[in-house]
Amino acid sequence: MFLSNLERKFLFIFLLMPFQVQAILNLELTQGMVGALPIAVVPFEGQSRVDDGNNIAKVVSADLQNSGRFNVLPVSLMKQFPTNKENTDFNQWKNSSVDNLVVGKVQSLGQGRVRVEFSLLDVFKGTENGANQNPIALTQTWEINSKDLRRIAHRISDLVYEKMIGQRGIFSTRIAYVTVQSRGENKNYKLEIADADGYNPQPILISPEPIMSPAWSHRGRKVAYVSFENKRATIYVTEVATGQREKVSSYPGINGAPAWSPDDSKLALVLSKSGFPKIYILDLKTKALQQVTTGSSIDTEPSWFPDGKSLVFTSDRSGGPQIYRVYLTDGRIERLTYSGPYNARASVTPEGNKMIMLHRAEEGYTIAFADLNSGSVQLLSRSGRDESPSLAPNGSMVLFGNEYGVLGIISTDGRVQLRLPAREGEVRSPAWSGFLS
Amino acid sequence: MKDVKVYKTSILYSALLHVLVLNFLFFSFNFYKKVNYVSQSSVMKASLVELPKPMLPQENTKKEIVLSQEEKLDVKKKLPLVEKPKPSKVIEKPATEVKKLVLEKSIKIENKKTKIEKPVTTKNEIKTEKNKIKKEEKEIEKKAVMMKQQQAQKKMEEKLWAEQLAKEEKQLTLTKEQQAQGVVNKYNALILQAIRSRWILAESYSPDLSAQLLINLKSDGTVLNVELIKSSGNEGFDRSARAAVYKASPLPVPPEADLFNQMKVINLVVRP
């Protein structure tokens with residue numbers, strides 16, 4: 001009587017509100033199991049199960065397993081081989097304790113062309129407990145040349161990895177490295193590029209003189225490296241697709257350790273034209289050279305912060321080699337590492353809060369992960385004979401060499417360590433590319 | 001609004017009544033010296049106590065007023081009724097009874113007054129009449145006091161009883177709530193355990209990540225859907241938590257409907 005209809009409605013809603021709030025149970029979940037995601041990669045219909053390098057399921061399985069983030073179900077334990085969500089018995093996969101399923105098929109279109117269909121399925125959504133849920137997490141179709149099957153397989157791995165883990169996959173990226181073959185007194189140096197899993201190697205340069213410090217541009221189109229082919233250190237940049245190369249630095253003395261700026265427009269490098277090895281920045285378009293560090297110490301191995309505003313480098317300015325950071329705006333320099341007598345060859349993660357480096361511990365030279373905020377150092381490898389760490393563009397893996405000339409990959413959480421397929425001779429100075437697309 | 005009106009009328013009537021009562025008392029004061037002051041005042045008080053009660057039936061008051069206006073005629077009929085002790089009834093309807101008593105008493109007094117005012121023939125007659133009146137008066141006073149006491153006692157008992165009852169009820173609700181809360185807590189832990197045991201973190205995600213999920217449950221604990229209310233910004237992390245909830249379906253829930261209703265919608269905050 002004293003309340004209008006509207007007022008009464010408001011009063012009603014107001015009175016109801018606490019009950020509505022009460023009806024929602026608030027819980028907080030923390031501390032999940034750190035582990036690998038159980039997944040099955042079903043052999044694609046239309047492909048033989050022979051591992052001829054083009055078997056999509058085999059390539060994807062290896063990619064995912066080697067990332068350390070997935071636990072891939074062996075084909076021998078599979079009870080069915082579906083190709084899409086319609087012919088998948090989800091309860092059966094649930095019983096196999098598989099959370100996700102990669103299925104697909106390859107159809108020949110003639111004239112060397114194939115159609116590839118692929119789906120990533122959520123098993124828990126396809127079972128009756130997840131009724132009315134779409135089990136398709138991803139699905140895509142390509143029409144490609146059959147020689148690109150392996151590339152498409154890596155692409156599928158990237159898609160699955162990004163969907164499931166939440167960061168870009170690195171299976172389509174590439175690596176560069178130098179092989180050294182000894183023939184008696186003579187040595188043969190070869191600069192090669194290959195897929196991230198070590199397959200498909202292609203030579204860029206073969207030389208009787210040393211080749212050092214290859215570095216991929218972030219777009220993955222060019223490789224910079226140091227070659228002694230003219231009996232003196234010279235820095236070249238080669239465009240991978242065309243093989244065209246350009247001499248960018250041949251000052252007297254040391255020309256070394258090229259590092260691409262995040263936008264690929266500049267190279268940080270080490271020159272000793274002033275008498276001591278110092279960090280310089282070369283603008284690749286204007287050829288303008290800027291000296292970054294000065295003094296009588298040895299400064300080397302520059303690497304860019306992701307924002308392009310500062311560099312890390314190795315310097316002996318306080319005795320043994322340690323990592324320093326130089327700000328390009330004002331030239332300010334700060335020391336980053338204090339742990340241990342030897343820290344070198346640092347590269348900063350994409351987030352800019354950590355770096356990997358070569359660290360001398362009791363065991364010897366190891367790959368270590370340093371937190372830039374806390375200063376804490378975590379050892380990743382333990383062989384004591386490691387060298388030349390190079391960080392994957394998503395920051396999840398480190399490619400490194402060792403004194404026996406074999407390449408290895410270790411995850412930055414230390415869970416996975418594997419060796420790449422052996423090459424003829426010793427393999428040195430590995431470098432991981434940026435994302436190619 | 002209607003109640004207030006009713007209330008007003010009753011106040012009016014009560015006031016009128018009191019004027020009458022006071023008048024009569026005043027007169028009896030003059031004529032009878034052996035009047036018990038205490039009891040009189042207590043009777044008055046009793047009637048005053050009833051005054052603010054708005055629940056007093058309107059019809060009753062009207063009747064009584066009419067009664068008093070009718071005076072002598074009804075008094076003789078009413079008198080024996082008053083003398084008959086009806087404790088149970090009194091206890092049941094204390095307010096009306098006291099009111100009636102007061103009324104009847106005043107009526108009687110008025111009656112006696114008129115009787116006294118009437119020319120009497122013999123002294124004996126007057127004496128006996130006087131004694132009789134006195135006796136009756138005393139009896140009424142006694143009864144009023146008794147009733148008042150009974151009423152007070154009853155009220156006290158009722159009050160105590162009600163207090164006790166309220167206390168027990170409160171305790172019971174508290175215990176029930178505590179028990180329910182205990183059960184809810186138990187199931188909260190079970191639900192979290194069920195989800196956590198299926199939650200796989202394949203990446204060392206930043207500890208700053210935080211996602212919020214809204215989970216709708218069927219009464220048997222089956223997960224109907226998991227809605228991502230707030231993304232952590234990392235699709236993989238969001239996915240891992242959603243997958244864990246779906247994989248934990250059906251979640252452990254209490255069979256009691258009222259308890260289940262407290263957890264049929266779960267707001268789950270997830271951190272690595």
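Basis for what follows: all heavy atoms, side chains included, without hydrogens, waters or symmetry-related copies. Order of the sequence lines sets the chain letters (A, B, ...), proteins ahead of strands, with each chain counted from 1.
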Asker: Quick one: does B:S249's side chain have a donor or acceptor within less than 3.5 Å of a partner on B:V245's backbone?
Answerer: no
Asker: So which part of A:N100 gets closer than 4.5 Å to some heavy atom of chain B, the side chain, the backbone, both or neither?
Answerer: side chain
Asker: Is any side-chain heavy atom of A:Q80 less than 4.5 Å from a side-chain heavy atom of A:T88?
Answerer: yes
Asker: Per the side chain to side chain contact (heavy atoms under 4.5 Å, CB included) rule, which among A:N71, A:I156, A:I165, A:V160 passes with A:L64?
Answerer: A:V160
Asker: Which bit of A:E162 comes within less than 4.5 Å of chain B, counting heavy atoms only: side chain, backbone, both or neither?
Answerer: backbone
Asker: Is it the side chain or the backbone of A:Y161 that comes within 4.5 Å of chain B heavy atoms, both, or neither?
Answerer: side chain
Asker: Which bit of B:L213 comes within less than 4.5 Å of chain A, counting heavy atoms only: side chain, backbone, both or neither?
Answerer: neither
Asker: Return yes if some donor-acceptor pair links the side-chain N/O of B:E203 with the main-chain N/O of A:G166 below 3.5 Å, else return no.
Answerer: no
Asker: Checking heavy atoms, do the side chain of B:S232, its backbone, both or neither come under 4.5 Å from chain A?
Answerer: neither
Asker: Given a strict heavy-atom distance threshold of 4.5 Å, which part of B:D238 is in contact with chain A: side chain, backbone, both, or neither?
Answerer: neither
Asker: For a salt bridge (charged side-chain N to carboxylate O under 4.0 Å, His left out) check, start with the C-alpha distance between B:R239 and A:D122, then their side-chain angles and the critical distance, and finish with the verdict.
Answerer: CA-CA 10 Å; B:R239 242 186 107 74; A:D122 291 330; 2.2 Å; yes
